[in-house]
Amino acid sequence: MTGFLLQVGGPLQSWGEHSAFNDRDTVAHPTRSGLIGMIASALGIPRSETLSSTDGPPTLFSSLGHLRFTVRHDRPGTRLRDFHTVGGGLPAHRTAPTAKGGRRGPGRTTIVSHRHYLSDAVFTIAITAPHAPDPDELTERCAAALAAPHWPPYLGRRSCPPSAVFLLAARRDDPVGDLYAGIPLARPRTSSNSVQVRFTSDTPFNGTTGANSVAGPPSTRDAVTLLNDDPVRLAPHDRVYRTRPSYSTTRPLPADLCGGYGPDYLDALLAYLQSPTTPQDDPR
């Protein structure tokens, strides 16, 4: 099953699932809506055209619904809360506006918001489209767009740009398998024989067979939760999402997959992607 590999990392990222008004949350990994929105932006699809319809002909945006994401949690990062205030200390004519077109009065001028982020987190993502009419054409088009995006990508919020390591490989024969046995982990090296690594996917983990085949026995941490992050449309003032199951598991991986930090990790990553036993992809 062909697809491509993406790595999502940076100083900050934020993947809201029920963000509203003054409290902007983040879940512990990239959401389906966030990843589809990022790819749609790279393809140059305006928000006004992000409409999934079962009645009319398929659109480029609706075809993104065929994408499947398997996320490896290389580094879960640290949760960070940013405390924001807006409007405080300003003259009356410049304080925060009200819904009725006026301005907030004395004693109520300041709006407080809390914005949550993941700091120093890294996720490696296998992107496939097993049920698309033409899986190779769809995934190759998405990978090409991410290599030369129409609009700059960001990790959940515009203030969160991705790191230089982004599109790892534009085409792989088994990108999900690469997560378990190939692509180096962006975490410190260790003297132990194995490391416990969390995986998240929008399809079930199937033991040793299927799209999300994994080595080793099932973990007691295998779980399924519900996330409201399957996008129907992403118009600025009319965003609609469906609830979908999110599957997670924890598996032991060989400790020699740990690539370390900084230049050490980049060297390990480049060595794997350019090794003669793997197809020669262009790491971006």
Side-chain angles (χ1 to χ4, degrees), residues 3 6 8 12-71 73 76-77 79 81-82 113-118 121 123 125-132 138-139 141-142 145-146 149-160 162 198-205 211-212 223-248:
L6 193 68
V8 172
L12 293 175
Q13 51 190 288
S14 185
W15 308 98
E17 192 255 337
H18 60 269
S19 294
F21 303 106
N22 296 345
D23 189 53
R24 306 298 180 90
D25 74 314
T26 182
V27 296
H29 54 84
T31 57
R32 180 171 174 80
S33 59
L35 293 171
I36 287 180
M38 182 167 62
I39 294 171
S41 176
L43 287 163
I45 302 174
R47 284 186 178 272
S48 59
E49 297 179 13
T50 56
L51 175 65
S52 296
S53 174
T54 57
D55 300 327
T59 64
L60 179 55
F61 178 74
S62 65
S63 70
L64 300 183
H66 292 293
L67 296 177
R68 295 292 176 263
F69 304 100
T70 303
V71 180
H73 299 224
R79 288 186 175 269
R81 185 184 68 170
D82 196 9
S113 67
H114 301 272
R115 305 183 186 190
H116 301 261
Y117 299 88
L118 302 176
F123 306 94
I125 306 170
I127 302 176
T128 58
H131 304 299
L138 177 59
T139 55
R141 185 172 185 179
C142 293
L146 290 168
H150 183 88
W151 288 301
Y154 52 86
L155 309 184
R157 295 195 187 130
R158 289 186 179 88
S159 60
C160 303
R198 186 185 178 200
F199 295 84
T200 307
S201 178
D202 40 23
T203 57
F205 294 91
N212 281 325
V224 57
T225 58
L226 294 177
L227 290 179
N228 187 43
D229 72 341
D230 192 14
V232 177
R233 55 180 174 268
L234 298 173
H237 302 293
D238 188 23
R239 300 185 187 185
V240 178
Y241 306 91
R242 285 184 290 254
T243 299
R244 56 97 184 181
S246 174
Y247 303 90
S248 63

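Residues take their numbers from the sequence shown, with the count starting at 1.
Residues satisfying the side chain to side chain donor-acceptor pair (under 3.5 Å) criterion with His73, sequence neighbours excluded, are Thr200. Residues meeting the salt bridge (Lys or Arg N to Asp or Glu O under 4.0 Å) test with Asp82, sequence neighbours left out: none. Applying the side chain to side chain donor-acceptor pair (under 3.5 Å) test to Thr243 and every residue at least two apart in sequence or in another chain returns Asn228.
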Original post:
Does the side-chain contact (heavy atoms from CB on, under 4.5 Å) test come out yes or no for Phe69 and Ile36, once each step is laid out?
Top reply: CA-CA 10 Å; Phe69 304 100; Ile36 287 180; 3.8 Å; yes
**OP:** Under the side-chain contact (heavy atoms from CB on, under 4.5 Å) rule, what do Arg141 and Ser63 come out as? Steps first, then yes or no, please.
**Re:** CA-CA 11 Å; Arg141 185 172 185 179; Ser63 70; over 6 Å; no
**OP:** Apply the test side-chain contact (heavy atoms from CB on, under 4.5 Å) to residues Cys160 and Tyr117: give CA-CA distance (whole Å), side-chain angles for both, the deciding distance (0.1 Å), then the verdict.
**Re:** CA-CA 9 Å; Cys160 303; Tyr117 299 88; 3.8 Å; yes
**OP:** Assess whether side-chain contact (heavy atoms from CB on, under 4.5 Å) is satisfied between Val8 and Trp15, documenting all intermediate values.
**Re:** CA-CA 12 Å; Val8 172; Trp15 308 98; 3.7 Å; yes
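Contact of the Phe123 side chain with the Gln13 side chain is registered, since non-hydrogen atoms from C-beta on lie closer than 4.5 Å. Contact of the Pro30 side chain with the Ile125 side chain is registered, since non-hydrogen atoms from C-beta on lie closer than 4.5 Å. For the pair Leu43 and Leu64, the minimum side-chain heavy-atom distance is below 4.5 Å. Inter-residue side-chain proximity for Leu67 and Thr128 is flagged as unmet; no heavy-atom pair is nearer than 4.5 Å. Between Arg198 and Ser248 the shortest side-chain heavy-atom distance falls below 4.5 Å. Counting heavy atoms from C-beta on, the side chains of Arg68 and Ile127 never come closer than 4.5 Å. Here the side chains of Ser159 and Leu12 are not in contact, with every heavy-atom distance at 4.5 Å or above. Side-chain contact between Leu226 and Arg244 is absent, with no heavy-atom pair separated by less than 4.5 Å.
Of all heavy-atom pairs between Leu234 and Gly37, the closest is CD1-CA, 4.1 Å. Between Tyr241 and Ser33 the shortest heavy-atom distance is CE2-CB, 3.7 Å. Scanning both residues, Pro162 and Pro153, for their nearest heavy atoms gives CD-O, 3.4 Å. The shortest heavy-atom contact between Ser41 and Pro152 is OG-O, 4.3 Å. Across Val27 and Arg79, no two heavy atoms sit closer than the pair C-NH2, 3.8 Å.
For the residue pair Ser14 and Arg157, a side-chain donor N or O sits within less than 3.5 Å of a side-chain acceptor on the partner.
To the nearest 0.5 angstrom, Arg81 atom CZ is 5.0 Å from His114 atom NE2. In this structure, CZ on Arg233 lies 10.5 Å from CZ on Phe61, to the nearest 0.5 angstrom. The OG atom of Ser48 lies 12.0 Å from the CG atom of Asp238; values are rounded to the nearest 0.5 Å. Between the OG atom of Ser201 and the OH atom of Tyr247 there is a distance of 9.0 Å, given to the nearest 0.5 Å.
Between the side chain of Thr26 and the main chain of Gly16, no donor-acceptor pair closer than 3.5 Å is present. Judged by distance alone, the side chain of Arg32 and the main-chain N or O of Gly65 form a donor-acceptor pair under 3.5 Å. At distances below 3.5 Å, not a single donor-acceptor pair connects side-chain atoms of Arg158 with backbone N or O atoms of Leu155.
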